[in-house]
Amino acid sequence: VFLLGLTSISMLADRMIPPLAMAVITSFYAVGGAYLALQKESRLVRALEIGLSLILLLALTGFFLAAIPVVREGLIPPYAPFVIAIIPAILLVGDALWHLKQRERNKRRVARHLSRMIWGVVVVLRAPVVEIAAAGAPIPPPAAIFGPILLALAMLAYFLPRFSRATSQA
């Protein structure tokens, strides 16, 4: 995730591509959240977790503000920004639940770590698949858009029951 993120950042240095920027921010956010989930609870960790949530929310807001004129000009279909926003939105809903259930932090931290790592990998996988499909590769758009999300859901269904037992001793 880190190396692909750095590669994407170098691409963004040459030309700003809002969907790619959103993918980079989302993947680093997911990995950062995964790291923080395994840390002992402290004010600093909570502040960093809330900060990450706010950064993603601001990035998503900025992405939509940048997309509105492009949609109005007819350069992209009206649903395109929402396709890009699916994974960040899923992650922000997870954040809301995480912040609301802090009393269960020790029980939920491994599950959060696993889910953040899975979503981070899926974001890194999905971005180039969607770009390759948009460039004309014979990948059906629904497969490019929803295939990685279904992969993430399958991975979550497999890994979470196996590895997210209570971790209060950790």
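Please read these numbers as outputs of a predicted model, since none were measured by experiment. If you read the sequence from its start, that first residue is 1, and numbering goes on from there.
- Contact check for Pro81 versus Ile76: side-chain heavy atoms found under the 4.5 Å cut-off.
- Arg116 is listed as a side-chain neighbour of Leu91, based on a closest heavy-atom distance under 4.5 Å.
- Between Gly33 and Arg112, the closest heavy-atom pair is O-NE, 4.3 Å.
- In this structure, Val121 and Met117 have side chains that are not in contact, with every pair of non-hydrogen atoms separated by 4.5 Å or more.
- Here CD1 of Ile90 is found 6.5 Å from CG of Leu153. Values are rounded to the nearest 0.5 Å.
- Trp98 and Phe159 are not part of a single hydrophobic cluster, where members link through side-chain heavy atoms under 4.5 Å apart.
- Going from atom CG of Leu114 over to atom CG of Leu38 covers 8.5 Å, rounded to the nearest 0.5 Å.
- Across all their heavy atoms, Tyr35 and His113 have their closest contact at N-ND1, 4.3 Å.
- Side-chain contact between Asp95 and Tyr29 is present, with heavy atoms from C-beta onward closer than 4.5 Å.
- By the rule that hydrophobic residues join a cluster once side-chain heavy atoms approach within less than 4.5 Å of another member, Ile149 and Tyr158 end up as members of one cluster.
- Taken to the nearest 0.5 Å, the CD1 atom of Ile87 stands 11.0 Å off from the CG atom of Leu56.
- Summarising the geometry, atom CG belonging to Leu36 is positioned 8.5 Å from atom CG belonging to Leu44; distances are rounded to the nearest 0.5 Å.
- Considering every non-hydrogen atom in both Ser53 and His99, the closest pair reads OG-NE2, 3.1 Å.
- Closest heavy-atom contact between Val71 and Pro78: CG1-CA, 3.8 Å.
- Partner of Arg72 under the side-chain contact (heavy atoms from CB on, under 4.5 Å) criterion, out of Leu75, Val70, Ile68: Ile68 alone.
- Heavy-atom contacts from other residues, nucleotides or ligands closer than 6.0 Å to CZ of Phe64 number more than 12.
- The side-chain heavy atoms of Thr26 and Trp119, taken from C-beta on, include no pair separated by under 4.5 Å.
- Scanning both residues, Pro148 and Val122, for their nearest heavy atoms gives O-CG1, 3.3 Å.
- Cluster membership for Val31 and Leu54, using ILVMFWY side-chain heavy atoms within less than 4.5 angstrom, is not shared.
- A chain of hydrophobic side-chain contacts below 4.5 Å, direct or via other Ile, Leu, Val, Met, Phe, Trp or Tyr residues, connects Phe63 to Tyr79.
- How far CG of Leu57 is from CG of Leu52: 12.5 Å, rounded to the nearest 0.5 Å.
- Minimum heavy-atom separation, Val45 to Lys40: CG2-O, 3.5 Å.
- Atom-to-atom distance recorded for Ile55:CD1 and Leu60:CG is 13.5 Å, nearest 0.5 angstrom.
- The hydrophobic cluster containing Ile50 does not contain Leu97, counting ILVMFWY residues as joined when their side-chain heavy atoms lie under 4.5 angstrom apart, directly or transitively.
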